Protein chains: 2
Amino acid sequence: MDPSTIDILSTKDLTIENITENVHMINSRAEDPRLKYVLERLVTHLHDFARETRLSTNEWMAGINFLTETGKICSDVRQEFILLSDILGLSLLVDSIDHPKPPASTEGTVLGPFHTHDAEHLSAGDTIHTDPDGEPCLVLCTVKDTSNKPIKDVNIDIWETDSKGHYDVQYKNRTVPDGRCVMTSDEKGVFWFKAIVPVPYPIPHDGPVGKLLVKLKRHPYRPSHMHFMFEKAGFDHLITALYLRNDPYETSDAVFGVKETLLIDLGTVSAEQAKQYGVKEGEKLITYDFVLVSDEEAKKLREEEAMKAMKALGRRMKLYEGLPVPDVD
Amino acid sequence: MDPSTIDILSTKDLTIENITENVHMINSRAEDPRLKYVLERLVTHLHDFARETRLSTNEWMAGINFLTETGKICSDVRQEFILLSDILGLSLLVDSIDHPKPPASTEGTVLGPFHTHDAEHLSAGDTIHTDPDGEPCLVLCTVKDTSNKPIKDVNIDIWETDSKGHYDVQYKNRTVPDGRCVMTSDEKGVFWFKAIVPVPYPIPHDGPVGKLLVKLKRHPYRPSHMHFMFEKAGFDHLITALYLRNDPYETSDAVFGVKETLLIDLGTVSAEQAKQYGVKEGEKLITYDFVLVSDEEAKKLREEEAMKAMKALGRRMKLYEGLPVPDVD
């Protein structure tokens with residue numbers, strides 16, 4: 001780079017007091033207004049964090065090492081940064097911001113680090129597990145829009161652990177997906193499958209995030225749940241899960257995912273259902289009616305809430321590609 | 001873990017508004033008051049950042065991927081997280097907070113990611129470089145305390161790039177350290193050596209940090225400088241560098257390290273000096289008198305400034321192992 005082409009910004013003699021405005025100044029030439037705003041907020045919070053804690057060099061280095069270890073342990077089947085975001089409540093927060101839900105719709109929750117893209121596409125009534133030790137559970141669901149109209153052809157990702165509380169990807173010898181599938185809703189918005197009763201399990205805690213939990217005297221458990229993800233053009237992407245009521249970890253989920261509206265009671269398969277769905281009478285049963293929000297509804301609500309929040313913060317903002325940026329005109 | 005041993009905190013039904021206090025609550029059982037305070041501030045800033053930007057899921061995922069890549073590229077000889085901290089001004093800020101300097105002492109600056117622990121211990125007058133293309137430069141220094149008394153037996157790490165602007169560790173075929181050494185000051189506080197005239201160079205910009213700089217339209221250059229690190233029991237660890245005045249990047253250092261008091265003018269070796277130090281007359285010359293702060297002076301100043309800053313923030317704090325924590329008694 002030819003130094004003569006650099007238009008010089010003076011960022012010399014920086015101190016505890018003036019460093020932040022100088023970093024903003026040098027970052028202010030970014031073209032994307034959204035990147036500029038996000039960076040401006042990031043740098044402000046990062047610096048305020050250091051100033052408010054009087055962060056020591058040793059603590060800073062501990063942070064550098066923590067982040068480095070967190071990155072190093074990530075692999076194709078392990079995402080420790082998502083786990084970190086989960087246990088700090090950031091994942092739940094971002095999902096709540098980005099996927100606002102009108103009252104009648106199904107709430108979202110954390111994605112977690114165990115979704116994969118290689119799940120098999122199964123047909124209605126198929127079994128998603130090969131685990132012989134899991135307690136069989138029939139799952140009968142529908143998916144509708146906010147006006148109670150069934151939605152067909154929704155792609156639904158479903159994933160849960162085996163009876164030992166491990167996802168397939170946590171086994172080193174995994175060759176094919178297990179305990180997960182993709183289904184499509186039918187004309188009546190129905191999808192159903194055979195699974196096992198979810199069990200509580202600890203998030204992976206042999207890495208940096210697990211060590212942090214120990215220091216914070218926090219347990220690593222998640223209450224029993226089954227993950228669902230819904231995708232269909234025209235509808236807001238829904239990442240959610242169903243939780244078994246009265247699980248011992250119901251109120252202390254390590255990743256803050258539980259919501260009252262997502263709690264379910266395990267039912268029992270009736271004689272009639274047993275016949276209809278080809279399972280045993282008395283088997284465990286999960287039923288749930290999911291409600292998706294249209295893209296338009298979600299966009300409208302997201303933008304309204306964003307502008308309302310910016311106003312409450314006293315910031316003069318406008319929307320840029322649906323997200324707030326400073327209104328400098 | 002036996003669920004019955006868990007004393008339950010209810011963290012259910014979390015929303016954009018109440019998630020932060022709930023994460024604080026679940027983290028509040030950490031025993032170390034400093035860890036508890038640092039985490040409380042970290043979570044507050046992380047959540048406020050997401051709320052103030054209305055961070056989208058896509059942006060969050062971009063952040064997760066950025067951090068993962070940053071971790072992945074780290075190695076024994078590359079620390080991309082330090083580089084990230086450097087280009088965001090955090091490193092300079094933390095050094096300023098942790099190593100306060102009374103007016104008469106030498107200011108600190110960024111460590112950077114290129115210090116190693118394998119530099120050879122050299123004697124006064126030795127040459128720290130094998131680079132035949134570097135412009136020879138005699139470096140004559142002293143190290144004193146704030147009452148102008150020479151300090152002997154200080155261990156001084158010195159490191160600089162070669163004439164091409166690369167540190168030894170940036171060469172894949174590096175077998176031994178080059179362009180770096182450790183020296184010890186003599187009875188008069190003197191240390192001197194033969195080096196090469198520093199040149200400007202880009203920080204490594206082929207990784208995630210480099211990509212971020214491009215998006216921010218920032219150049220990756222550092223002005224010409226030579227690193228120094230001082231260590232002696234009883235004195236505050238000093239990490240600093242000397243910068244050549246009028247370097248094209250003097251006022252736009254990619255990592256915000258330049259300070260007026262650390263700028264030097266390249267001198268010229270006189271006939272007398274040439275004879276005394278065994279170099280050629282007219283060769284380039286760097287002279288500098290470093291002033292170290294005692295541990296006691298640094299501790300006193302650090303604690304005073306910490307408490308002053310806490311007071312300015314309106315926080316009722318006390319010191320715990322020299323660092324502020326909430327005063328809850």
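Values below: every heavy atom of this structure, side chains too, minus hydrogens, waters and symmetry copies. Since the structure is predicted, the reported quantities are computational estimates derived from the model, not experimental observations. To find a chain, count down the sequence lines: A is the first, B the second, and so on, and within it residues start at 1.
- Most heavy-atom pairs under 4.5 Å with chain B, from the set A:Gly89, A:Ser91, A:Pro324, A:Gly71: that is A:Gly89.
- With values rounded to the nearest 0.5 angstrom, B:Leu88 atom CG is found 11.0 Å from A:Thr20 atom OG1.
- Proximity to chain B (any heavy atom under 4.5 Å) is restricted, for A:Val43, to the side chain, taken from C-beta onward.
- With a threshold of 4.5 angstrom between heavy atoms, B:Leu39 approaches chain A through side-chain atoms but not through N, CA, C or O.
- Atom CE of residue B:Met310 and atom CD of residue A:Glu52 lie 7.0 Å apart, to the nearest 0.5 angstrom.
- Here the OG1 atom belonging to A:Thr53 is positioned 9.0 Å from the CG atom belonging to B:Leu42, to the nearest 0.5 angstrom.
- For B:Arg315, the part sitting under 4.5 Å from any heavy atom of chain A is the side chain, from C-beta outward, and nothing else.
- In this structure, chain B has a heavy atom under 4.5 Å from the backbone of A:Asn22, while its side chain stays farther away.
- Listed options B:Gln79, B:Lys36, B:Met61, B:Glu107 were ranked by heavy-atom pairs under 4.5 angstrom with chain A; first place goes to B:Gln79.
- Proximity to chain A is limited to the side chain of B:Leu263, based on heavy atoms less than 4.5 angstrom apart.
- The backbone N or O of A:His47 sits nowhere less than 3.5 Å from a side-chain atom of B:His45 that would complete a donor-acceptor pair.
- Of the atoms belonging to B:Val23, heavy atoms from both backbone and side chain fall under 4.5 Å from chain A.
- Looking only at distances, a side-chain donor or acceptor of A:Lys72 sits under 3.5 Å from a matching main-chain atom of B:Cys74.
- Both the backbone and the side chain of B:Glu305 come within contact range of chain A, judged by heavy atoms closer than 4.5 Å.
- Residue B:His99 touches chain A through its side chain alone, counting heavy-atom pairs closer than 4.5 Å.
- Ranking B:His237, B:Lys215, B:Glu59 against chain A, the residue ahead of the rest is B:Glu59, based on heavy-atom pairs under 4.5 Å.
- Each of B:Arg34, B:Arg41, B:Glu69, B:Lys259 has some count of heavy-atom pairs under 4.5 Å with chain A, and the biggest count is that of B:Arg34.
- Put simply, of B:Thr70, B:Leu46, B:Ile239, B:Val214, the one with the most heavy-atom pairs under 4.5 Å next to chain A is B:Leu46.
- Of the listed residues (B:Thr109, B:Leu323, B:Ile87), the one with the most heavy-atom contacts under 4.5 Å to chain A is B:Leu323.
- When heavy atoms are compared at a cutoff of 4.5 Å, B:Asp48 approaches chain A by way of both its backbone and its side chain.
- The CG atom of A:Asn18 lies 9.0 Å from the OG atom of B:Ser96; values are rounded to the nearest 0.5 Å.
- Taken from CG in A:Asn27 to CG in B:Leu213, the straight-line distance is 8.5 Å, to the nearest 0.5 Å.
- From B:Arg54, atom CZ reaches atom NZ of A:Lys308 across 9.0 Å, with rounding to the nearest 0.5 Å.
- Both the backbone and the side chain of B:Leu67 come within contact range of chain A, judged by heavy atoms closer than 4.5 Å.
- Both the backbone and the side chain of B:Leu90 come within contact range of chain A, with heavy atoms under 4.5 Å apart.
- Heavy atoms of B:Leu92 lying under 4.5 Å from chain A belong exclusively to its side chain.
- For chain B, no part of A:Glu40 is nearby; none of its heavy atoms comes within less than 4.5 Å.
- For the pair B:Leu55 and A:Ile97, the tightest heavy-atom approach, listed with the atom from each and the gap, is O-CG2, 3.9 Å.
- For B:Met317, no part sits under 4.5 Å from any heavy atom of chain A, backbone or side chain.
- B:Ile19 touches chain A through its side chain: at least one heavy atom from C-beta onward sits under 4.5 Å away, while N, CA, C and O do not.
- For B:Glu80, no part lies near chain A; criterion is any non-hydrogen pair under 4.5 Å.
- Looking at A:Leu35, only its side chain comes within 4.5 Å of chain B, counting heavy atoms on both sides.
- The parts of B:Ser56 that come within reach of chain A are both its backbone and its side chain, each placing non-hydrogen atoms under 4.5 angstrom from that chain.
- Only one option out of A:Asp98, A:Ile82, A:Leu93 pairs with B:Trp60 in a side-chain contact (heavy atoms from CB on, under 4.5 Å); it is A:Ile82.
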